[in-house]
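As structure tokens, the structure follows; a few thoughts come after it.
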Amino acid sequence: MSKFVLRLPELLGYFMVETMKSVTAKLKLFGPVLTLRCSYSSTTDQALLLNEFTRLCYQRDLPRALKVMDSLQSHGLWADSAAYSELIKCCLSHRAVYEGNLICRHLYRNGHQPMMFLVNVLINMYVKFNLLNDAHQLFDQMPQRYVISWTTMISAYSKCKLHQKALELLVLMLRDGVRPNVYTYSSVLRACNGMSDVRMLHCGIIKEGLESDVYVRSALIDVFAKLGEPEDALSVFDEMVTGDAIVWNSIIGGFAQNSKSDVALELFKRMKRAGFIAEQATLTSVLRACTGLALLELGMQAHVHIVKYDQDLILNNALVDMYCKCGSLEDARRVFSQMKERDVIAWSTMISGLAQNGYSQEALKLFESMKSSGTKPNYVTIVGVLFACSHAGLLEDGWYYFRSMKKLYGIDPVREHYGCMIDLLGKAGKLDDAVKLLNEMECEPDAVTWRTLLGACRVQGNMVLAEYAAKKVIELDPEDAGTYTVLSNIYANSQKWDSVEEIRTRMRDSGIKKEPGCSWIEVNKKIHAFIIGDDSHPQIIQVKRELNQLIHILIGIGYVSETNFVLQDLEGEQMEDSLRHHSEKLALVFGLMTLPSEKVIRIRKNLRICGDCHVFCKLVSKLENRSIVIRDPIRYHHFQDGKCSCGDYW
DNA sequence: GTAGGGTTAG
């Protein structure tokens, strides 16, 4: 047996040609090793062609390389399936869509059906290129489909959130008599729309004895958490003997997304104690948890660990959001401006963040920069833009963006867009136009839409319309305690005592209790909660004493409790609760008592701030020369020097 | 040999 090695001009690859029975050419192409085989003696022609083929591949000139492959074939040298697979991998790693298509056509030419393994590789390639239609076409053409082909398609649809499609394929797969395996289950679980889907799949998993697979488990944990079943998620998690980092990320992420930020942070501590290092996905969830609880100090602490991933897009987006939601706009702006890459989420986060914090003009300016940068806005971006308009009463701008969104960006208005416009029109005194728009909606208005109109009625003092809107809210969301209170107040104001009694009975009978007002403040990395009617805070007596003294001083400089605005506690704390001890006032006084004087006092609350507390905060900011930020469920109020960033328009 | 789990705006 003689053997010779041809050195390539680039010395990048090598191949050995063994005379006698077989020819093996190993070509080192961008890393992977490519093998071509033939069944009889090599010739000089083959050697030269192989040389040429390597050179072209190295130069990434795949069109010509494929032509050389044809010539090799006519010389009896066939690329095997592994060779094609390697070529496809090269296309994938270089995102070479055009070349990938060429290989596909090369494989299918003359009506030839490539072997199933290769079709699976091709389908996967199209999936990774986000060309799902092409992938599905190849899938449909397959004479037979085994579990990998099905799983590749199901996973593709799951990943791009075409959940219904993924589930439909699973049904077809089962009907075809193909049994799902751990790969199928782990990818289809995230497509579940409700717990009934999950329960069904879970049964299948247990029946097949696949529940110990770590991928299946983390997918289960994730879907349980996302569908609001944290107990189930925890029980699957606790049953695991070996977990790995990803499972921790699943469970922490699950709780962070499920408004259980405190549990998420507890689990994060456990994860660290167990010796796992927090990486991007973990830190992103931790940031989200901090965002949910408005824990600026803790978020800043997380930021220190993030510095090493300083150009991670998702982490930076989460960071911008955290700073915006914690009311620290300077930090948000700084992170945003230092980002080298910004996607639509980055821009939308910053635009909404500015809008929620009362910087509407800056938000609209940023939207212009976004457009110049070439990033295409999506419907979330437009929600942020309209939000900016509605919070600043920018009627003309609002109409312009609302009317042009379809034409300029191809985005159909949905409920959220209509909601912003109804808010904008209503609060600007154009309640008739708001109602007109509500009636023109292409989608059915929901409880949120009607609640928006109700909010506008509060500002305008339109009791008749408020009553109508409140009734609609209760019709659509019978559990909404706040709206019952509003309705009852409306009736009380017009002396309809029978109706007041009726509402109270209805609330009592259906066990609906009003959510008590609660405010949180972070002091020394610890959260302090102040809840109406709950005196469990260890310093509550001292806090109340200080508050009374402060109110006394404020009265001396002209403070009058705003108790006469009948609808003022719309979605806010009840009239019968003492205005004097509203939770944000308690939290504010606690902040004054405990935080150093240069620190901004940041408070998060569960209900909307009432008119009296708003006046109170403005006066305190001037009297004590403090910056105060209050985040309510809808927006933020930055108080400084006796003024609020909302311009008293909220 | 080809397929699978966790992270960001609303």
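Every chain is numbered from 1 and lettered A, B, ... according to where its sequence line falls, protein lines coming before strand lines. The model shown is predicted, which means the values in this text are computed figures rather than measured ones.
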Notebook entry, point to check: Would A:D213 and A:Y183 count as having a side-chain donor-acceptor pair, cut-off 3.5 Å?
Noted result: no

Check: Would you say the side chains of A:T151 and A:T184 form a donor-acceptor pair under 3.5 Å?
Finding: yes

Check: More than 12 heavy atoms of other residues, nucleotides or ligands under 6.0 Å from CG of A:N133: is that the case?
Finding: no

Checklist line | Nearest-0.5 Å distance that lies between atom NE2 in A:H106 and atom CG in A:L87 | finding: 9.5 Å

Note to self: Does anything in residues 227-237 of chain A form a side chain to side chain donor-acceptor pair (under 3.5 Å)? List the pairs, not counting sequence neighbours.
What the structure shows: A:R199-A:D232

Notebook entry, point to check: Hey, is A:E208 close enough to A:R179 for a salt bridge, meaning N to O under 4.0 Å?
Noted result: yes

Notebook entry, point to check: Heavy atoms under 4.0 Å, any strand shown: does A:M125 hit a base, just sugar-phosphate, or nothing?
Noted result: nothing

Notebook entry, point to check: Is the NZ or CZ atom of A:R95 positioned over A:F129's six-membered ring, under 6.0 angstrom from the centre and within 45° of the axis?
Noted result: no

Check: Backbone N or O of A:C324 within a donor-acceptor pair of the A:N357 side chain at under 3.5 Å?
Finding: yes

Next item on the list: Check each residue of residues 268-292 of chain A for a non-hydrogen atom within less than 4.0 Å of any atom in DNA chain B, then write out the ones that pass by number, or none.
Entry: A:E279, A:Q280, A:A281, A:T284, A:S285, A:R288

For residues 362-372 of chain A, which side-chain N or O atoms pair as donor and acceptor with protein atoms under 3.5 Å away, sequence neighbours left out?
unit_1, atom_1, unit_2, atom_2, d
A:E362, OE1, A:R333, NH2, 3.1
A:E362, OE2, A:R333, NE, 2.7
A:E368, OE2, A:K371, NZ, 3.3
A:E368, OE2, A:Y401, OH, 3.3
A:S369, OG, A:K365, O, 3.2
A:K371, NZ, A:Y409, OH, 3.2
A:S372, OG, A:E368, O, 2.8

Check: Under 4.0 Å between a Lys/Arg side-chain N and an Asp/Glu carboxylate O for A:R608 and A:D632?
Finding: yes

Check: Is the shortest side-chain N to carboxylate O distance from A:R451 to A:D480 below 4.0 Å?
Finding: yes

Note to self: Using a 6.0 Å cut-off, check whether atom CD1 of A:I206 has over 12 heavy atoms from anything other than its own residue.
What the structure shows: yes

Next item on the list: Give the dot-bracket string for DNA chain B, reading 5' to 3', where a pair is Watson-Crick or G-U wobble with both distances under 3.5 Å, ( ) marks pairs inside the strand, [ ] marks pairs crossing earlier ones, | marks a partner on another strand, and . marks unpaired.
Entry: ..........

Check: Between the side chains of A:H303 and A:Y323, does any donor sit under 3.5 Å from an acceptor?
Finding: yes

Checklist line | Charged tip of A:R217 within 45° of A:F237 ring normal and under 6.0 Å | finding: no

Item checked: Side-chain ion pair, A:D197 and A:R190, N-O less than 4.0 Å -> no

Margin query: Using the side-chain contact (heavy atoms from CB on, under 4.5 Å) criterion, which residues pair with A:H163? Sequence neighbours excluded.
Written below: A:K161, A:A191, A:N193

Item checked: Set of side-chain contact (heavy atoms from CB on, under 4.5 Å) partners for A:K128, sequence neighbours left out -> A:L92, A:N124

Notebook entry, point to check: Among residues 134-156 of chain A, which residues get a heavy atom nearer than 4.0 Å to DNA chain B?
Noted result: A:I148, A:T151, A:T152, A:S155

Item checked: Of residues 169-191 of chain A, the positions that come close to DNA chain B - non-hydrogen atoms, cut-off under 4.0 Å -> A:N181, A:V182, A:Y183, A:S186, A:S187, A:R190

Next item on the list: Using chain A heavy atoms and a threshold of under 4.0 Å, write down where along DNA chain B the contacts begin and end, 5' to 3'.
Entry: B:dG1 to B:dG10

Notebook entry, point to check: Going by an N to O cut-off under 4.0 Å, is there a salt bridge joining A:D412 and A:K406?
Noted result: yes

Check: Is there a residue in residues 224-237 of chain A whose heavy atoms reach under 4.0 Å of DNA chain B, and which residues are they?
Finding: A:K226

Item checked: Side chain A:R415, main chain A:C443, donor-acceptor under 3.5 Å -> no

Next item on the list: Mind running a 4.0 Å heavy-atom check of residues 376-389 of chain A against DNA chain B and sending the residues that fall below it, in number order?
Entry: A:N378, A:Y379, A:V380, A:V383

Next item on the list: Assign A:V320 to base, sugar-phosphate, or nothing according to its heavy-atom contacts below 4.0 angstrom with the strands shown.
Entry: nothing

Next item on the list: Go through the structure and list residues passing side chain to side chain donor-acceptor pair (under 3.5 Å) with A:H417, not counting sequence neighbours.
Entry: none

